[in-house]
2 protein chains.
Amino acid sequence: MISQTEENYLKALYSLTYLKGDANVNEISKRLDIKMPTVNSMMKKLADKGFVHYESYKPLRLTEEGKKEAALIIRKHRLTEMYLFQKMGFAWDEVHQIAEQVEHIHSPEFFSKMDELLGYPTVDPHGSPIPDQNGVMPLENYVFLNTCKAGDMVTLMAVQPSSKELLQYLTAKNLELGTTLTIKSIEPFDESLTVAYKDRPIEVLSSKVTSTLLVRVITGLA
Amino acid sequence: MISQTEENYLKALYSLTYLKGDANVNEISKRLDIKMPTVNSMMKKLADKGFVHYESYKPLRLTEEGKKEAALIIRKHRLTEMYLFQKMGFAWDEVHQIAEQVEHIHSPEFFSKMDELLGYPTVDPHGSPIPDQNGVMPLENYVFLNTCKAGDMVTLMAVQPSSKELLQYLTAKNLELGTTLTIKSIEPFDESLTVAYKDRPIEVLSSKVTSTLLVRVITGLA
DNA sequence: TTATTTTGTTAGTTTAATCTAACTTGTTAG
DNA sequence: CTAACAAGTTAGATTAAACTAACAAAATAA
């Protein structure tokens, strides 16, 4: 059996390694606000259990088994978020805290019932993909907004990572999932973007914001 | 903060003391399948925290604070059962296991949303009363079926305690909450009851069964 | 009422998950 | 290229929640 604590480490490692393939002890330590020696010994334990590739002083990677476990926890998290949002009427910035707890419930029936009632969704309320029952992430080809070029038209697909503060900021800016933005210009000095969307012809987004927004590119000038 | 483990002890003590006022270490030990010394030290800890009246070799009682805490956990459990049953389509013998886990979630909003969506129910799918937000059990004046007299007409209100096996037995007998039964006779030797209900003119219920069925008496001969 | 059994308690051990302090390895800036 | 800093590791302590073994008190039966 896998403990809630272990599940949290797996989840952290999954999201830290998702884009670049590996992560280090220090990153997990910061992410979970747990001291490095604690993380270190947990990584050894998870390696013993076959979930993590661990070698002294080398970056950490999940095994295939570990990836699957982690994806299944993330599946439970995102299904829960979607359920809270769609079926219970919570706002999209309220669902995360609750889902953090619900994701640890052991009951395949509970989550497959949610899945069924939701009509088998493929994304959560933040646009993040929901892994399938086998822990496989659905295909996606999103890019971060800060990697786009001036003139690109893009649709906001996901927010990653999505802090409560950020979600409230986006709500205040009237920026929601599915919103289509046109990139007017990019300020070379601080990489801030001037964009237009909906009824807002000029909005400036800092790189702190654009580096968390995942978008699908609709048209580019090139 | 109160741990999940502590919550489980409080809940056990609450239900053991509900009818007779106190309980002993051995009963909790059996109920939770945890050895007596462990229970003993947990009772001291809960006494330190102000939830339990503890004196060596004396029966255990909950403080008012402890009763409130326990009732609020039971509230979360029963709201969850009702939600699973009414809003998610689970059968009444499937909801307990899931609710055992969901009851430990810390999120007042989550449970008050359930409450709202359910229309502020006062009983769970087994007919057990749901305490209010202040931990107060709603009034109830049910009696166990084995305390009734021949000739009584009674309505099945609750099943306590309600094991999965028992619920399946009742389902097979076509006995559900709200069913009205007429007590035809009582066998003095083993205290089994012969009853009639719905389309079943003669059914015999053992005292093992009748001692767990809570009913409201509609009419008696006396 | 004494002997036996049941129940309760104390003491000390174990495991999981955390920590701090101290040391080692790896990286980076002069 | 070496000194300093950052990151990783080891060792040992702490806390919560469980256990077993042994002893003490209370209840029960002979």
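The chains referred to below are lettered A, B, ... by the order of the sequence lines, with proteins before strands, and numbering in each begins at 1.
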Asks: Using OP1 and OP2 only, check whether a side-chain N or O of Ser56(A) sits under 4.0 Å from dG8(D).
Replies: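 False: Ser56(A) side-chain N/O out of range (4.0 Å or more) of dG8(D) OP1/OP2.
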Asks: Distance check needed: dT15(C) C1' versus Met42(A) CE, whole Å only.
Replies: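 Atom CE in Met42(A) sits about 12 Å away from atom C1' in dT15(C).
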Asks: OP1, OP2 of dT10(D) versus side-chain N and O of Tyr57(A): anything below 4.0 Å?
Replies: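 For dT10(D), OP1/OP2 do not have a side-chain N/O of Tyr57(A) under 4.0 Å.
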Asks: From the options dG8(C), dT20(C), dT18(C), select the nucleotide whose nearest atom is closest to the side chain of Pro37(A).
Replies: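 That would be dT20(C).
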Asks: Tell me every residue that passes ring-ring contact (aromatic ring centres under 6.0 Å, His included) with Tyr120(B), counting only those two or more places apart in sequence or in another chain.
Replies: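 With neighbours one apart ignored, the set is empty.
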Asks: Give a yes/no on whether any side-chain N or O of Thr38(B) is located under 4.0 angstrom from OP1 or OP2 of dC19(D).
Replies: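 For Thr38(B), the contact criterion (side-chain N or O under 4.0 Å from OP1 or OP2 of dC19(D)) is met.
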Asks: Whole-Å distance between dT5(C) P and Asn26(B) CG?
Replies: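 So the two atoms are 17 Å apart, to the nearest Å.
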Asks: May I have the distance from Leu32(A) (atom CG) to dC19(C) (atom P), rounded to whole angstrom?
Replies: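 In whole Å, dC19(C) P and Leu32(A) CG are 10 Å from each other.
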Asks: If you check every side-chain atom of Tyr9(B), which of dA18(D), dT7(C), dG8(D) has the closest atom?
Replies: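 Nearest nucleotide to the side chain: dA18(D).
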Asks: Taking only N and O in the side chain of Tyr54(B), is any of them less than 4.0 Å away from OP1 or OP2 of dT9(C)?
Replies: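 For dT9(C), OP1/OP2 do have a side-chain N/O of Tyr54(B) under 4.0 Å.
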Asks: Just name whichever nucleotide pairs with dA27(D), Watson-Crick or G-U, keeping both distances under 3.5 Å, else none.
Replies: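 Across any shown strand, dA27(D) pairs with dT4(C).
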Asks: Identify which nucleotide among dT7(C), dT10(C), dG8(D) has an atom closest to any side-chain atom of Met36(B), counting heavy atoms from C-beta outward.
Replies: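 That would be dT7(C).
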